[in-house]
Novice: 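Okay, here's the structure, questions in a sec.
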Amino acid sequence: MERSNALLGIAEALRRIEAGELRARDLAEMCLARIAARDGEVQAYAACDPARVRAQADEIDAGRRHGLLRGIPFAVKDIIQSADYATTYGSAIYAGHRPGRDAACVALSLEQGGVLMGKVVTSEFATQTPGPTRNPLNLGHTPGGSSSGSAAAVADGMAMVAWGTQTTGSITRPAIYCGVVGYKPSFGLVSTAGVGLLSPLQDTVGVLARDVGDAAATVLGIHGRRFESAPEDSRYRLGICLSSQWRHASPHAVQALQSWVARLASAGYAISERSLPAEFEALIEDQGRLVAYDARHALAHERRTDGARLSARLTARMAGGEDIDLPSYVAMQRRAALGRCRAESLFDGVDALVYPATDGEAEAGLENSGSPRYGALWTLLHLPTVALPVARGPGGLPLGVQLVGRHGEDEALLRIAEHAATRGARIDD
């Protein structure tokens with residue numbers, strides 16, 4: 001297979017497959033070859049069965065399966081159930097566990113003709129204790145969490161796209177750390193059926209992809225809809241959202257964001273600044289407390305029956321929910337609900353918000369996967385976000401930004417993100 005096929009976007013790959021110029025088997029073999037060559041070092045995959053992958057691709061090439069993802073190789077985070085592979089939730093407690101069903105996003109991807117490459121590594125129960133995955137851009141650095149395997153597999157060419165989940169920042173951070181795009185849809189746009197949930201009113205299923213078009217094609221594809229790019233002459237209004245969280249961002253991360261926005265301004269975008277209102281600042285702290293409370297409840301069975309095999313980090317996080325009583329929990333949920341009702345006001349006069357995505361470059365070492373803080377508010381508010389790598393830091397690893405859109409207006413946000421990624425010059429341009 002020609003090397004050029006490895007660089008195809010999903011839309012172009014689909015066009016070539018439909019025209020008979022490319023086989024699903026070609027794309028599958030490309031990813032399998034990359035897994036064989038690199039996964040021993042990167043350790044993105046928890047499970048991959050090449051024979052099963054080839055059988056799926058051959059079925060598509062024989063014309064027995066069609067759809068908007070026909071022949072596209074995709075991977076699935078190991079917190080998401082799949083009938084053909086074990087789902088371990090990143091925990092030894094569930095080694096070899098076979099739920100016997102596909103989660104909704106897996107089943108719909110297969111229904112649309114996708115080729116399941118296998119399961120990719122997650123941190124323990126999609127929390128903060130990392131798995132073995134390394135950053136493919138620098139093996140001595142973290143790939144981020146908890147969708148670590150999803151980001152690494154896509155960044156290293158082991159899949160064209162991968163499903164992940166986000167409770168706080170678990171799509172946004174690994175996307176930037178590994179230099180790919182992370183799309184967290186509006187809450188509920190992708191069904192969580194068959195997903196191991198930690199915080200049911202926050203957990204969101206999304207994707208890691210090589211570019212915005214691929215992310216959009218995947219999520220819209222399972223809904224039977226094609227993505228349409230914005231007109232070339234589009235000019236958008238972006239609001240830089242300032243908050244207390246900016247103090248954690250490195251000077252290099254802030255400079256990367258500001259330089260990217262300046263390039264967009266030069267391209268005709270209208271740029272403004274606004275400060276995050278105090279009521280939303282307060283929700284940032286609530287978000288972490290809600291996760292601690294929810295995790296303690298979601299993992300109550302594991303705590304009671306096999307607590308010794310839970311990591312000390314996860315145990316401590318759940319303990320943080322012990323001092324939250326029911327009235328306090330309900331009060332936080334009410335504040336969050338009120339914030340969601342008022343979130344539209346954040347977009348007065350703008351089409352999308354610009355926000356930091358990470359503190360900086362991926363940290364050295366594999367013990368810590370970085371802070372998810374920049375996704376906290378937007379996840380709690382159920383707003384769609386797209387994380388884009390836009391520059392390289394002093395260590396040579398990516399720095400990025402986050403675009404935030406109105407709830408339910410995902411297609412509009414995706415069009416803005418794709419257009420801005422081009423006008424603002426991507427990291428590898």
Side-chain angles (χ1 to χ4, degrees), residues 43-44 46 76-81 87-95 97 103 119-133 142-152 162-175 177 182 184 192 194-206 208 284-324 329 358-359 362-363 365-380:
Q43 298 184 57
V76 176
K77 182 178 179 179
D78 196 22
I79 201 79
I80 300 172
Q81 294 176 359
T87 301
T88 74
Y89 310 102
S91 171
I93 295 173
Y94 287 98
H97 174 62
K119 303 298 287 292
V120 284
V121 171
T122 179
S123 59
E124 180 189 29
F125 294 107
T127 59
Q128 294 172 327
T129 303
T133 305
T142 177
S146 62
S147 301
S148 53
S150 301
W163 289 103
T165 64
Q166 178 159 308
T167 305
T168 302
S170 296
I171 290 173
T172 298
R173 185 171 76 267
Y177 279 5
K184 182 195 76 66
T192 56
V195 178
L197 298 181
L198 194 71
S199 184
L201 284 178
Q202 299 189 73
D203 290 337
T204 307
V205 179
L208 289 297
I284 295 173
E285 182 177 352
D286 279 353
Q287 195 272 343
R289 287 170 56 77
L290 284 167
V291 172
Y293 187 97
D294 286 343
R296 189 169 184 276
H297 282 241
L299 298 176
H301 172 74
E302 290 78 8
R303 283 193 294 107
R304 293 184 65 250
T305 63
D306 218 342
R309 288 203 284 177
L310 296 174
S311 70
R313 186 177 298 177
L314 177 54
T315 300
R317 187 176 193 186
M318 290 189 293
E322 292 179 5
D323 63 349
I324 302 172
Y329 177 72
T358 63
D359 287 345
E363 291 88 346
L366 303 178
E367 292 302 313
N368 295 296
S369 58
S371 172
R373 61 171 58 91
Y374 302 102
L377 178 61
W378 317 120
T379 306
L380 184 63

Novice: Does Tyr329 have any ring-ring contact (aromatic ring centres under 6.0 Å, His included) partners at least two apart in sequence or in another chain, and if so, which?
Specialist: Tyr293
Novice: Indicate the atoms forming the closest heavy-atom contact of Pro132 with Gln43, along with that distance.
Specialist: CB-OE1, 3.4 Å
Novice: Between CG of Leu290 and OG1 of Thr167, what distance do you get to the nearest 0.5 Å?
Specialist: 12.0 Å
Novice: Over all heavy atoms of both residues, which pair between Ile80 and Gly164 is shortest? Give the atoms and the distance, please.
Specialist: CD1-O, 4.3 Å
Novice: Hey, what do you get for CG (Leu380) to CG (Asp286), rounding to the nearest 0.5 Å?
Specialist: 7.5 Å
Novice: Taking only residues two or more places apart in sequence or in another chain, which ones pass side chain to side chain contact (heavy atoms under 4.5 Å, CB included) with Leu201?
Specialist: Gln333
Novice: Please step through side-chain contact (heavy atoms from CB on, under 4.5 Å) for the pair Lys119 and Val76, ending with a clear verdict.
Specialist: CA-CA 5 Å; Lys119 303 298 287 292; Val76 176; 3.9 Å; yes
Novice: Which value, rounded to the nearest 0.5 Å, describes the distance between Arg317 atom CZ and Thr129 atom OG1?
Specialist: 9.5 Å
Novice: For Glu124 and Ser311, indicate whether the former's side chain and the latter's backbone hold a donor-acceptor pair under 3.5 Å.
Specialist: yes
Novice: How far apart are the closest heavy atoms of Asp78 and Thr87, and which atoms are they?
Specialist: OD1-CA, 3.3 Å
Novice: Grab the two heavy atoms, one from Pro372 and one from Gly169, that are nearest each other, plus how far apart they are.
Specialist: CB-N, 3.6 Å
Novice: Does Ser150 use its side chain to pair, donor to acceptor, with the backbone of Trp163 at less than 3.5 Å?
Specialist: yes
Novice: Taking the side chain as every heavy atom from C-beta outward, state whether Lys77 and Ser146 have any pair of such atoms under 4.5 Å apart.
Specialist: yes
Novice: Among residues at least two apart in sequence or on other chains, which ones pass side chain to side chain contact (heavy atoms under 4.5 Å, CB included) with Arg309?
Specialist: Ala92, Ile93, Asp306
Novice: Identify, with sequence neighbours excluded, every residue that meets side chain to side chain contact (heavy atoms under 4.5 Å, CB included) alongside Glu322.
Specialist: Arg296, Ala319
Novice: Spell out, as yes or no, whether a donor-acceptor pair under 3.5 Å connects the side chain of Ser147 to the backbone of Thr165.
Specialist: yes
Novice: Going by side chain to side chain contact (heavy atoms under 4.5 Å, CB included), name the residues that satisfy it together with Ser369, two or more places apart in sequence or in a different chain.
Specialist: Thr142, Arg173
Novice: Not counting sequence neighbours, which residues clear side-chain hydrogen bond (donor to acceptor under 3.5 Å, both in side chains) with Thr133? List them please.
Specialist: none
Novice: Between Ala175 and Ala151, which heavy-atom pair has the shortest distance, and what is it?
Specialist: N-CB, 4.3 Å
Novice: Quick one: OG1 on Thr172 to CD on Gln166, what's the gap to the nearest 0.5 Å?
Specialist: 4.0 Å
Novice: Do the rings of Phe125 and Tyr89 sit parallel, tilted or perpendicular, given the 30° and 60° boundaries?
Specialist: parallel
Novice: When rounded to the nearest 0.5 angstrom, what is the spacing between CD in Gln128 and OG in Ser170?
Specialist: 8.5 Å
Novice: Would you mind telling me which of Thr379, Leu198, Val195, Val291 makes a side chain to side chain contact (heavy atoms under 4.5 Å, CB included) with Asp203?
Specialist: Leu198
Novice: Under 3.5 Å, side chain of Lys184 to main-chain N/O of Thr168, donor-acceptor pair present?
Specialist: no
Novice: Would you say the side chain of Leu299 lies within less than 4.5 Å of the side chain of Met318, judging by non-hydrogen atoms?
Specialist: yes
Novice: If you look at every heavy atom in Arg313 and Pro130, which pair is closest and at what distance?
Specialist: NH1-CD, 3.5 Å
Novice: Test your reading of the model: is there a side-chain donor-acceptor pair from Thr204 to the backbone of Gln202, 3.5 Å cut-off?
Specialist: yes
